[in-house]
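A short worksheet on the structure shown next.
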Amino acid sequence: MTEKREKIYEGKAKIIYATDNPDLIIQFFKDDATAFNAQKKGVIVNKGVINNAISSKIFSYLEDGGIHTHFVKKLSDREMLAKRLEIIPVEVVVRNVSAGSLSGRMGIDEGIELPLPVLEFYYKSDELGDPMINESHIKAFNLAKEGEMDKIRDVAMDVNKRLKSFFVQRGITLVDFKIEFGRHRGEVLLGDEITPDACRLWDAVTRDKMDKDRFRRDLGGVEDAYLKVYERVCGVKG
Ligand code: UDP
């Protein structure tokens with residue numbers, strides 16, 4: 001049994017605890033929700049429980065597909081045991097359909113299928129509002145080594161392929177998502193979470209939004225949408 005120790009870090013949606021094993025941490029999923037770099041704050045009731053279940057299911061699915069992640073196991077409703085990472089300060093976004101900041105940047109409507117997945121990088125800095133960067137910034141500012149970026153690019157594309165088919169089978173279109181990577185004993189692992197907080201998920205038939213855009217844009221039905229994703233991903237009635 002791994003013992004929970006002191007709090008190491010509290011983020012917007014999760015708390016990270018040390019354990020008696022220096023290689024392992026516990027991620028605790030909160031109900032707190034933020035948007036627009038924490039200018040908008042709120043609570044999505046039971047989000048922590050739902051996101052822990054969704055993330056655990058998706059990470060074990062990816063592990064089964066040969067992707068190396070920080071996931072060890074789900075410990076309780078809100079807690080996940082994971083490998084301790086030194087987080088690479090680059091947010092990796094993969095897009096299949098236009099939405100959000102891509103629509104703004106390129107001046108196109110939301111909902112246009114892209115001819116190939118678009119890969120973007122953002123510098124992970126709350127202070128700066130996560131500005132978009134490219135691989136030459138990553139290299140010049142030594143955010144990640146070249147070999148690490150080769151891996152990150154490959155894994156991001158592989159995750160996209162696997163997640164797209166995972167969601168299609170559940171009647172959901174994977175519009176875009178954000179992932180993070182970290183170093184663990186010299187290896188680059190997929191970390192953080194994969195949840196409706198960090199993905200755009202649309203119902204494949206109705207195109208209804210089933211993700212944090214409902215909170216960001218005050219669309220209502222936030223809890224219901226998260227619960228629906230949970231039911232489809234985990235195959236159980238919430
Ligand atoms: N995203 C995220 N955290 C961020 C910014 C974006 O998880 O700090 C996710 C977001 O949920 C979406 C994808 O990354 O699935 C692309 O987001 P976008 O660049 O369109 O930004 P937004 O419109 O959310 O500001």
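Whatever order the structure lists ligands and atoms in, that order sets their numbers, starting from 1.
Near Gly100, meaning under 4.0 Å from one of its heavy atoms, ligand 1 places the atoms 20 (O), 23 (O). When each atom of ligand 1 is checked for a heavy atom of Tyr122 under 4.0 Å away, the hits are 19 (O).
Residues Glu120 and Leu102 meet the side-chain proximity criterion, which asks for heavy atoms closer than 4.5 Å.
Side-chain N/O atoms of Glu63 and Thr69 include a donor and acceptor closer than 3.5 Å. For the residue pair Thr195 / Glu193, a side-chain donor-acceptor distance below 3.5 Å is found, with atom types taken as modelled.
Closer than 4.0 Å to atom 25 (O) of ligand 1 lies none of the heavy atoms of the protein.
Between Glu110 and Arg217 there is a salt bridge, with a side-chain nitrogen of the basic residue lying less than 4.0 Å from a carboxylate oxygen of the acidic one. With respect to the salt-bridge test (charged N to carboxylate O, under 4.0 angstrom), the residues Asp176 and Arg200 qualify. Looking at Arg216 and Asp197, no side-chain N of the basic residue comes within less than 4.0 Å of a carboxylate O on the acidic one, giving no salt bridge.
Lys178 CE, 3.6 Å is the protein heavy atom nearest to atom 3 (N) of ligand 1. Scanning the protein heavy atoms around atom 12 (C) of ligand 1, the nearest turns out to be Asp176 OD1, 3.1 Å. In this structure, the protein non-hydrogen atom closest to atom 8 (O) of ligand 1 is Asp130 OD2, 3.3 Å. Taking atom 5 (C) of ligand 1 as the reference point, the nearest protein heavy-atom neighbour is Glu91 OE1, 4.3 Å. Of all protein heavy atoms, the one lying nearest to atom 23 (O) of ligand 1 is Arg200 NH2, 2.9 Å.
Ligand 1 is approached by Arg95 to a heavy-atom distance shorter than 4.0 Å. By the 4.0 Å heavy-atom criterion, Asp197 is counted among the residues contacting ligand 1. For Phe36, the heavy-atom gap to ligand 1 stays at 4.0 angstrom or more.
Geometric assessment of Lys7 against the ring of Tyr17 yields a negative cation-pi assignment under the 6.0 Å and 45° thresholds. By the 6.0 Å and 45° rule, Arg232 does not stack over the aromatic ring of Tyr230.
The option from Arg216, Lys212, Arg217 that lies nearest to atom 10 (C) of ligand 1, judged by heavy atoms, is Arg216.
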